[in-house]
Number of protein chains: 2
Amino acid sequence: MTVESTGAVEFEAYGPFAADCPARAALDLFASRWLPVVVWALRNGPMRPGELQRTIGGIRHKVLTDNLRRMENAGLVIRRRYAEAPPRVQYELTEAGQDLLEPIQAVGVWAYRHATTLQAMHAEEPD
Amino acid sequence: MTVESTGAVEFEAYGPFAADCPARAALDLFASRWLPVVVWALRNGPMRPGELQRTIGGIRHKVLTDNLRRMENAGLVIRRRYAEAPPRVQYELTEAGQDLLEPIQAVGVWAYRHATTLQAMHAEEPD
DNA sequence: CAGGATCCGACACGATACTG
DNA sequence: CAGTATCGTGTCGGATCCTG
């Protein structure tokens with residue numbers, strides 16, 4: 001193994017998430033409620049917006065578009081546009097986007113691992 | 001290895017992040033801009049609020065308090081209060097909180113791995 | 001030192017309607 | 001079908017002041 005950039009070493013060099021470190025920017029990505037969900041929905045390959053909306057469920061058309069645009073700007077997805085009669089568009093994960101699946105999955109696994117503990121969060125509202 | 005709950009199997013059972021699944025609640029945790037940072041700052045052991053604020057840097061007193069309260073309700077931290085002359089308080093990660101360090105680290109590592117790609121996000125504002 | 005109470009601003013989201 | 005525009009809203013965060 002050469003000096004390939006796995007990122008692990010660089011990250012460990014930092015103590016907490018410094019305000020100027022890349023990791024903070026990454027957390028801001030997660031700060032979007034839907035962005036991780038959209039990324040996860042794209043894990044099996046390119047999808048069209050409508051298909052995405054149906055697959056995810058509960059997300060508004062505009063919100064999905066907003067997130068896709070942000071993801072595109074962040075370099076997480078590539079937007080493929082096909083000039084056809086009915087305008088067809090497909091979104092595909094970039095390499096960065098695919099690598100993001102791991103952290104997202106880690107969060108998901110963690111969630112199920114402590115599902116019982118986290119139930120308390122929802123149980124907040126008794127009425 | 002018995003049927004220990006690693007959470008991995010349960011999570012894989014789901015396709016996308018369903019609206020009612022625990023993973024969505026977990027993502028809502030990350031949706032807080034500071035929460036993961038606070039959790040990460042606590043990785044080495046219990047800390048006092050003031051110490052936390054200094055360590056993290058750039059976080060407001062109230063915001064830190066809000067996040068700590070939310071984390072406490074979510075079962076991520078335990079608040080230890082010592083009835084002394086100068087009121088002393090310490091926050092300590094629960095088991096769920098400690099396990100959350102892994103996903104957070106995963107995001108951090110990912111960030112450095114694709115730091116160059118993510119630079120585009122910041123470079124949005126030329127002025 | 002810990003933390004609550006407030007007012008305010010930013011931003012993502014929800015909902016609707018409208019253009020290629 | 002894909003995307004934009006607009007408006008309203010909720011929530012987190014920033015800033016300030018005040019209480020044990």
Side-chain angles (χ1 to χ4, degrees), chain A residues 17 19 24-39 41-42 46-74 76-92 121-122 124-125, chain B residues 17 19 24-39 41-42 46-74 76-92 121-122 124-125:
Chain A
F17 283 75
R24 282 298 308 278
L27 288 182
D28 285 350
L29 283 180
F30 276 85
S32 285
R33 179 181 170 186
W34 289 106
L35 192 143
V37 181
V38 177
V39 172
L42 285 170
M47 289 184 79
R48 304 179 56 179
E51 196 179 2
L52 266 175
Q53 191 174 5
R54 254 174 285 117
T55 302
I56 296 175
I59 187 174
R60 283 286 143 184
H61 179 61
K62 177 217 163 198
V63 176
L64 176 60
T65 305
D66 288 350
N67 277 272
L68 284 173
R69 265 192 66 81
R70 213 180 316 153
M71 291 163 64
E72 191 184 3
N73 289 334
L76 300 180
V77 295
I78 293 181
R79 181 187 158 196
R80 294 232 149 80
R81 192 175 182 287
Y82 304 89
E84 303 178 359
R88 199 162 68 94
V89 176
Q90 272 193 339
Y91 287 92
E92 183 182 358
M121 294 195 334
H122 304 283
E124 287 282 336
E125 30 194 356
Chain B
F17 284 75
R24 282 296 308 279
L27 288 181
D28 285 349
L29 284 179
F30 274 86
S32 286
R33 179 180 171 187
W34 288 105
L35 192 142
V37 181
V38 177
V39 171
L42 285 170
M47 289 183 79
R48 305 181 56 182
E51 196 179 3
L52 267 175
Q53 191 173 6
R54 254 174 286 117
T55 302
I56 296 175
I59 186 174
R60 282 288 144 183
H61 178 59
K62 174 218 164 197
V63 176
L64 176 61
T65 305
D66 288 351
N67 277 274
L68 284 172
R69 264 189 66 82
R70 213 179 316 151
M71 291 163 64
E72 191 183 3
N73 289 334
L76 300 181
V77 295
I78 293 182
R79 182 186 154 196
R80 293 233 149 79
R81 191 175 183 288
Y82 303 90
E84 303 178 357
R88 198 162 69 95
V89 176
Q90 273 195 337
Y91 287 92
E92 183 182 358
M121 296 195 332
H122 303 284
E124 287 280 338
E125 30 194 357

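The sequence lines fix the lettering, A, B, ..., with proteins before strands; numbering per chain opens at 1.
Whole-Å rounding puts the B:Leu52 CG to C:dC1 P distance at 14 Å. Put simply, CG on B:Asn73 is 13 Å from P on C:dG3, counting in whole angstrom units. Rounded to an integer number of Å, the gap from CG of B:Leu68 to P of D:dG13 is 12 Å. A:Arg80 has its CZ atom 18 Å from the C1' atom of D:dA2, to the nearest Å. Counting to the nearest Å, the C1' atom of C:dA2 and the CZ atom of B:Arg88 are 13 Å from each other. Between the CG atom of B:Leu64 and the P atom of D:dA15 there is a distance of 15 Å, rounded to whole Å. One can place CD of B:Glu84 at 15 Å from C1' of D:dG20, the figure rounded to the nearest angstrom. Put simply, CG on B:Leu27 is 17 Å from C1' on D:dC12, counting in whole angstrom units.
Among the atoms of the strands shown, base atoms are found under 4.0 Å from some heavy atom of A:Pro87. Across all strands, A:Tyr82 comes closer than 4.0 Å to no nucleic acid atom at all (heavy-atom distances). At a threshold of 4.0 angstrom between heavy atoms, the contacts of A:Arg81 with the nucleic acid are absent.
B:Leu76 places none of its side-chain heavy atoms less than 4.5 Å from the side chain of B:Leu42. A heavy-atom distance below 4.5 Å is not found between the side chains of B:Arg33 and B:Val63. No side-chain heavy atom of B:Val38 sits under 4.5 Å from any side-chain heavy atom of B:Tyr91. With a 4.5 Å cut-off on side-chain heavy atoms, B:Ile59 and B:Gln53 count as touching. Side-chain contact check for B:Arg79 versus B:Leu68: every heavy-atom pair is 4.5 Å or farther apart.
Close to D:dA2, at under 4.0 Å from its OP1 or OP2, lies a side-chain N or O of A:Arg48.
In this structure, B:Arg69 places its CZ atom where only 12 or fewer heavy-atom neighbours from other residues, nucleotides or ligands lie under 6.0 Å away.
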- Item | Evaluation steps, salt bridge (charged side-chain N to carboxylate O under 4.0 Å, His left out), between B:Asp66 and B:Arg70 | CA-CA 6 Å; B:Asp66 288 351; B:Arg70 213 179 316 151; 5.8 Å; no
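Nearest nucleotide to the B:Arg69 side chain, out of C:dG4, D:dA2, D:dG20: C:dG4.
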- Would you give a per-nucleotide map of nucleotides 9-19 of chain C, 5' to 3', where B means the base has a protein non-hydrogen atom under 4.0 Å away, S means only the sugar-phosphate does, and - means neither? ----BBB----
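Of the two residues contacting DNA chain C, namely B:Thr65 and B:Arg54, the nearest-nucleotide position lying further toward the 5' end is that of B:Arg54.
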